[in-house]
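Some notes on the structure that comes next.
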Amino acid sequence: MLKVISIFGTRPEAIKMAPLVKKLSKESDILSKVVVTAQHRQMLDQVLELFDISPDYDLDIMQQGQTLTGVTVRVLSGLEEIIQKEKPHMVLVHGDTTTTFSSALAAFYQQAAVGHVEAGLRTFNKYSPYPEEMNRRLTGAITDLHFAPTQTSMDNLLKENIPREKIIVTGNTVIDALLETAAKDYPLETLLPGVDWSKRILLLTAHRRENWGEPLGNIFLAARELVRDFPDTELIFPVHKNPRVSQLANEVLANTERIHLIEPLDYLPFVTLMNRSYLVLTDSGGMQEEAPSLGKPVLVLRETTERPEAVEAGTVKMVGTARDKLYQVGAELLENHLAYREMAHAVNPYGDGKASGRIIDAIKRHFA
Ligand code: UD1
Ligand code: UDP
């Protein structure tokens, strides 16, 4: 019997690993175990509950205001004993967080094979996104099977001399999760009664480390000015629980007319909210994949992206974090219906909802 351990710890990893873990648990020839590092606590638990996942191990490492080193050390030492005891054929990790890299390293130290889900995304800029670009590259260096979501990500890996037979283009599991969730609907009016739903909804999220401080301040100021100047808009900002983000968000945006600072939403209401939005402003990685497939224009609040596909398809625009530029691009889309319509078309460069099945098939072939 093939033993596979899936390890994840943050909200986006959990969303993107959930469909895979659910499918793995139904395979008769695979013994599937789940370890959560709980690098995130509440934001992880929201996802575990929605997808009804009960981890076999929970390292429960999150601390308030944790450092990268602290997370790395706690994941590494927490996983040593588990991997030693379980002796899996393969450890599956996801994406680019500190949980991802530390878990891959912990598996390597025990000489367990590593499968990297969402492999090969690159900006080629060491510090943007920071530390995600290096987390992903370092994980790739340890990986035995690379599950690349797109041809572009596979090409990045080939350029790094990864052998062709170790790379499988699978699509992104985020689309598996999204399609399953978007098929349902959530009564947002009950959840957020203070919002005037007849207006155009602007959805804002931001959390990246390279945006902490002044860039985040610029983003918030530009968002505030946009809402002030377009009275037919309401801005909803589910604020990330990182105190570096929430403190500044409250300083700049609290108690402002038509701006709603709310707690992080469960995935189902959040997907419903994306679907009800007119425009998405974000520095999130996952939302650059989800919003285009829902036909929602996205302004990316970052200088670089490791997800060029939707930019090329025209539904995502890189705007960076300069206050004037963000205001200008946002205002143009709110004023000019033609420009808006050109961006608002559904594209799906990231997958067809069947990525998890392809990953499992590839794992079986690898060990056959
Ligand atoms: C992390 C990932 C980032 C990912 C993001 C997704 C790293 C280095 N960063 O960033 O790649 O895009 O998650 O959201 O791996 N907190 C809570 N409750 C929660 C979650 C966070 O209170 O459920 C607070 C804690 O004070 C914690 C802080 O947020 O210390 C930062 O969490 P951390 O995982 O270190 O960084 P993120 O900014 O969330
Ligand atoms: N998300 C959510 N609730 C929220 C905000 C985001 O469920 O209040 C989901 C979103 O749909 C996406 C993921 O969380 O799938 C993105 O997480 P985040 O922006 O924290 O991380 P990133 O994608 O940048 O790694």
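What you see is a predicted model, and the numbers here were worked out from it, not measured in a lab. Read the numbers this way: they start at 1 and go in the same order the structure lists the ligands and their atoms.
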> Which is closest to atom 22 (O) of ligand 1 in terms of heavy atoms, Arg136, Met62, Glu132, Arg209?
Replying inline: Met62
>> I'd like to check which ligand 2 atoms, numbered from 1 as shown, lie under 4.0 Å from a non-hydrogen atom of His207.
In response: 18 (P), 19 (O), 20 (O), 21 (O), 22 (P), 24 (O)
> Is the closest N or O pair between Glu263 and ligand 2 shorter than 3.5 Å?
Replying inline: no
> Going by the order shown, which atoms of ligand 2 are within less than 4.0 Å of some heavy atom of Pro264?
Replying inline: 8 (O)
>> Please classify the Gln63 to ligand 1 contact at 4.0 Å (heavy-atom distances, strictly less than): side chain, backbone, both or neither.
In response: backbone
> Does the pair Arg276/Glu189 count as a salt bridge with the N-to-O cut at 4.0 Å?
Replying inline: yes
> Between the main-chain N or O of Ala106 and the side-chain N or O of Gln110, is there a donor-acceptor pair closer than 3.5 Å?
Replying inline: no
>> Please report whether ligand 2 has a polar contact with Thr205, defined as an N or O pair separated by less than 3.5 Å (distance criterion only).
In response: no
> Which of the atoms of ligand 1 are close to Thr97, meaning less than 4.0 Å from one of its heavy atoms?
Replying inline: 11 (O), 15 (O)
> What about Arg41: any of its N or O atoms under 3.5 Å from an N or O on ligand 1?
Replying inline: yes
>> Applying a heavy-atom cut-off of 4.0 Å, say which part of Pro264 lies close to ligand 1: side chain, backbone, both or neither.
In response: neither
>> For Met274, state whether at least one heavy atom is located under 4.0 Å from any atom of ligand 2.
In response: yes
> For ligand 1, does Asn135 get within less than 4.0 Å through its side chain, its backbone, both, or neither, judged by non-hydrogen atoms?
Replying inline: neither
> Are any of the side-chain nitrogens in Glu303 or Arg208 under 4.0 Å away from the carboxylate oxygens of its partner?
Replying inline: no
> Of the choices Arg208, His40, Gln66, which has the non-hydrogen atom that lies closest to atom 21 (C) of ligand 1?
Replying inline: His40
> Is the His366 to His89 ring centre distance short of 6.0 Å?
Replying inline: no
>> Quick test: of every protein heavy atom, which one is nearest to atom 34 (O) of ligand 1, and how far off is it to 0.1 Å?
In response: Gln39 NE2, 2.9 Å
> So does Glu332 pair up with Lys317, basic N to acidic O under 4.0 Å?
Replying inline: no
> Should you measure from each heavy atom of Met43, which atoms of ligand 1 turn up under 4.0 Å away?
Replying inline: 19 (C), 20 (C), 23 (O)
> In terms of side-chain geometry, is the basic nitrogen of Asp176 or Arg358 positioned less than 4.0 Å from the acidic oxygen of its partner?
Replying inline: no
> Does ligand 2 have an atom that lies less than 4.0 angstrom from a heavy atom of Ile15?
Replying inline: yes
> Going by the atom numbers of ligand 2, which of them fall below 4.0 Å from some non-hydrogen atom of Gly285?
Replying inline: 22 (P), 23 (O), 24 (O)
>> Please list the nearest protein heavy atom to atom 19 (C) of ligand 1 with its residue and the distance rounded to 0.1 Å.
In response: Gln42 OE1, 3.3 Å
>> For ligand 2 and Gly286, I'd like to know whether there is a polar contact (N/O to N/O, distance under 3.5 Å).
In response: yes
> Who's the nearest protein heavy-atom neighbour of atom 8 (C) of ligand 1, and how far?
Replying inline: Thr98 OG1, 3.1 Å
> Given Met62, which of Arg74, Arg41, Gln39, Lys241 fulfils the side-chain contact (heavy atoms from CB on, under 4.5 Å) condition?
Replying inline: Arg41
>> Give the atom numbers and elements of ligand 2 that come within less than 4.0 Å of a heavy atom of Leu265.
In response: 2 (C), 3 (N), 4 (C), 7 (O), 8 (O)
>> Regarding ligand 2, does Arg208 bring an N or O atom to under 3.5 Å of one of the ligand's N or O atoms?
In response: yes
> Can we say Glu133 and Arg137 salt-bridge, meaning some charged N sits less than 4.0 Å from an Asp/Glu carboxylate O?
Replying inline: yes
> Does a side chain donor of either Thr139 or Thr100 reach within less than 3.5 Å of an acceptor in the other side chain?
Replying inline: no
> When only distance counts, is Thr10 in polar contact with ligand 1, meaning an N/O pair under 3.5 Å?
Replying inline: no
> So, are Arg200 and Asp232 salt-bridged, with charged N and O less than 4.0 Å apart?
Replying inline: yes
> Any idea which protein heavy atom is nearest atom 38 (O) of ligand 1, and the distance to it?
Replying inline: Asn242 ND2, 3.0 Å
> Of all the atoms in ligand 1, which lie at a distance below 4.0 Å from a heavy atom belonging to Pro131?
Replying inline: 8 (C)
